[in-house]
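Notes to accompany the following structure.
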Amino acid sequence: MIFERRHIISTKDFSREEIDFILDRAGRLEPYARMGGLDLLKGHVVATLFFEPSTRTRLSFDTAVKRLGGATIGFDSAESTSTVKGETLSDTIKVIESYADAIVIRHPREGAARMASEISSVPVINAGDGAGHHPTQTLLDLYTMRKECRKPIEDLNVAIVGDLKYGRTVHSLAYALSLYKARLSLVSPEQLRMPESIINYLRKQGVELVETPRIDDVLADADVLYMTRIQKERFPDPSEYLKVADSYRITPDTLKGVKDDMIIMHPLPRVNEIDPAVDSTRHARYFRQAFYGVPIRMAVLSLVLGKEA
């Protein structure tokens, strides 16, 4: 399976076999994600270009590179770059490709990572583009399900809850889960429904799915409860955000009647949608999920740079 020099832009670009290959490699690298000890990227430089705030994605990429013996350059704010002087994204990419062996990019504009990949001579990894895609988040989500659930992914009933309109993580996840034919329950306020284009795609793929605004409709049957934040920053009109803020909130009381082995995931950051009291329950997996970003990104980086693990 050839990944060397490949751009990682969308989960729609992957087959199920390719995703499983990456997850398998992440499994082999996981012990090194905690303590390092590999030098697969020794002498390599990875640029992390974050035009939008990030904590977990940026730091886990940085950790992944360093656990593999490589080095990083980059920035975590567009305000500290020449874009404030009017430099185009195209020119930024052409400059950075001469400094680095791979480019990780997060950008607020949907399609920015795809555009960067069409310019760059080194592999580009999409770390989130507006409301578009976030492929490495999806890979770590699938890895979490594989590691933490008692059933194979194809047998899971996954309830995705919250901002399904603007949430790039759930868009990417829905596409990937369609490859496994997992059952989906989509829970959102009417104004934050999953885009119709994605719903149509899922139906064409034969995915069994339900849509509902009521979380109580899906809790009892869920194997995975995937909570997401209502993304205030994506709303053109702040008053529209206030109409749906705090639509869903999981508390220990909410969890009465769920399956014993149901797990709760969240791409983080959370706001009010999961009570901190849930953290100590047997269902919480979101902090472990965040850690899994390191072995997944180690796997992706080593593959696109052509390094055997």
Side-chain angles (χ1 to χ4, degrees), residues 50 52-60 76 106 108 127-128 130-132 134 137-138 140-141 144-145 148 157-174 184-195 198 210-259 261-293:
F50 280 73
E52 193 177 59
S54 170
T55 301
R56 283 150 301 282
T57 302
R58 184 175 66 83
L59 293 181
S60 64
D76 58 8
R106 169 169 289 190
H134 196 347
Q137 175 68 45
T138 292
L140 76 89
D141 291 341
T144 303
M145 292 177 196
E148 302 292 337
N157 186 357
V158 181
I160 305 177
V161 181
D163 184 349
L164 309 189
K165 178 179 180 180
Y166 296 115
R168 59 193 171 207
T169 60
V170 296
H171 297 169
S172 289
L173 181 60
L184 298 182
S185 300
L186 305 177
V187 183
S188 71
E190 177 62 26
Q191 52 272 62
L192 294 178
R193 286 182 61 226
M194 186 73 84
I198 299 178
V210 296
E211 286 187 277
T212 175
R214 288 169 39 85
I215 194 170
D216 290 343
D217 291 346
V218 304
L219 276 176
D221 292 330
D223 299 300
V224 176
L225 181 63
Y226 194 101
M227 298 295 296
T228 66
R229 174 176 64 93
I230 307 291
Q231 301 187 63
K232 182 179 180 180
E233 69 274 20
R234 306 285 181 205
F235 282 75
D237 182 350
S239 66
E240 292 300 311
Y241 167 73
L242 294 176
K243 292 178 184 176
V244 293
D246 300 329
S247 293
Y248 307 105
R249 180 171 170 79
I250 297 298
T251 69
D253 283 343
T254 313
L255 298 174
K256 293 176 181 174
V258 302
K259 294 179 180 178
D261 57 356
M262 186 271 281
I263 68 168
I264 303 172
M265 297 172 60
H266 193 304
L268 302 175
R270 64 176 161 181
V271 183
N272 294 317
E273 55 276 4
I274 300 178
D275 189 309
V278 174
D279 296 358
S280 58
T281 69
R282 63 181 178 278
H283 303 290
R285 292 294 189 284
Y286 27 92
F287 293 120
R288 206 177 300 179
Q289 176 188 358
F291 162 72
Y292 291 143

Polar side-chain atom of His283 near backbone of Met265 as donor-acceptor pair, under 3.5 Å: no
With Gln191 via side chain to side chain donor-acceptor pair (under 3.5 Å) - residues at least two apart: none
Nearest non-hydrogen partners of Pro189 and Ser247, listed with the distance: CG-OG, 3.6 Å
Side chain proximity check, Glu211 to Glu190, heavy atoms < 4.5 angstrom: no
Heavy-atom side-chain proximity of Arg56 to Pro269 below 4.5 angstrom: yes
Ala277 versus Thr281, closest heavy-atom pair with distance: O-CG2, 3.9 Å
Shortest non-hydrogen separation from Met194 to Val170 and the atoms involved: CE-O, 4.0 Å
Inter-residue atom distance Asp163.CG - Leu192.CG, 0.5 Å rounding: 4.5 Å
Glu273: partners by side chain to side chain donor-acceptor pair (under 3.5 Å), with sequence neighbours left out: His266
Spacing of Met262 atom CE and Asn157 atom CG [to the nearest 0.5 Å]: 11.0 Å
Test item: Arg270 side-chain N/O and Pro267 main-chain N/O as donor-acceptor pair under 3.5 Å: no
Partner set under salt bridge (charged side-chain N to carboxylate O under 4.0 Å, His left out) for Asp261, not counting sequence neighbours: none
Approximate separation, where rounding is to 0.5 Å, of Leu184 CG and Ile198 CD1: 11.5 Å
Heavy-atom pair of closest approach, residues His171 and Pro195: NE2-CD, 3.6 Å
Non-hydrogen side-chain atoms of Tyr286 and Asp279 separated by less than 4.5 Å: yes
Student check: side-chain heavy atoms of Tyr292 and Ser60 closer than 4.5 Å: no
CA sep, side-chain torsions, deciding dist, call: Met145, Val158, side-chain contact (heavy atoms from CB on, under 4.5 Å): CA-CA 10 Å; Met145 292 177 196; Val158 181; 4.3 Å; yes
With Thr57 via side chain to side chain donor-acceptor pair (under 3.5 Å) - residues at least two apart: Arg106, His134
Interatomic spacing from CG in Asp275 to CG in Leu255 - rounded to 0.5 Å: 9.5 Å
Among Val187, Ile250, Val278, the one residue meeting side-chain contact (heavy atoms from CB on, under 4.5 Å) with Met227: Ile250
Distance in Å, Asp246 CG paired with Ile230 CD1, rounded so as to fall on 0.5 Å steps: 8.5 Å
Lys165/Glu240 salt bridge by N-O under 4.0 Å criterion: no
side-chain contact (heavy atoms from CB on, under 4.5 Å) between Arg193 and Leu186, worked out: CA-CA 8 Å; Arg193 286 182 61 226; Leu186 305 177; over 6 Å; no
Contact check, side chains of Thr254 and Arg249, non-hydrogen atoms, under 4.5 Å: no
Side chain to side chain donor-acceptor pair (under 3.5 Å) involving Arg229 - partner list, sequence neighbours excluded: Glu233
Minimal non-hydrogen separation, Tyr166 against Ala131, with atom names: O-CB, 3.5 Å
Pair Thr251-Asp253, side-chain donor/acceptor within less than 3.5 Å: no
Side chain proximity check, Ser185 to Ile160, heavy atoms < 4.5 angstrom: no
Any Leu268 side-chain heavy atom under 4.5 Å of Thr55 side chain: no
Pairwise side chain to side chain donor-acceptor pair (under 3.5 Å) hits with a residue in residues 214-227, at least two apart: Asp141-Tyr226, Lys151-Asp223, Thr212-Asp217, Arg214-Asp217, Asp223-Lys259
Between OG1 on residue Thr169 and CD on residue Gln137, distance to nearest 0.5 Å: 6.0 Å
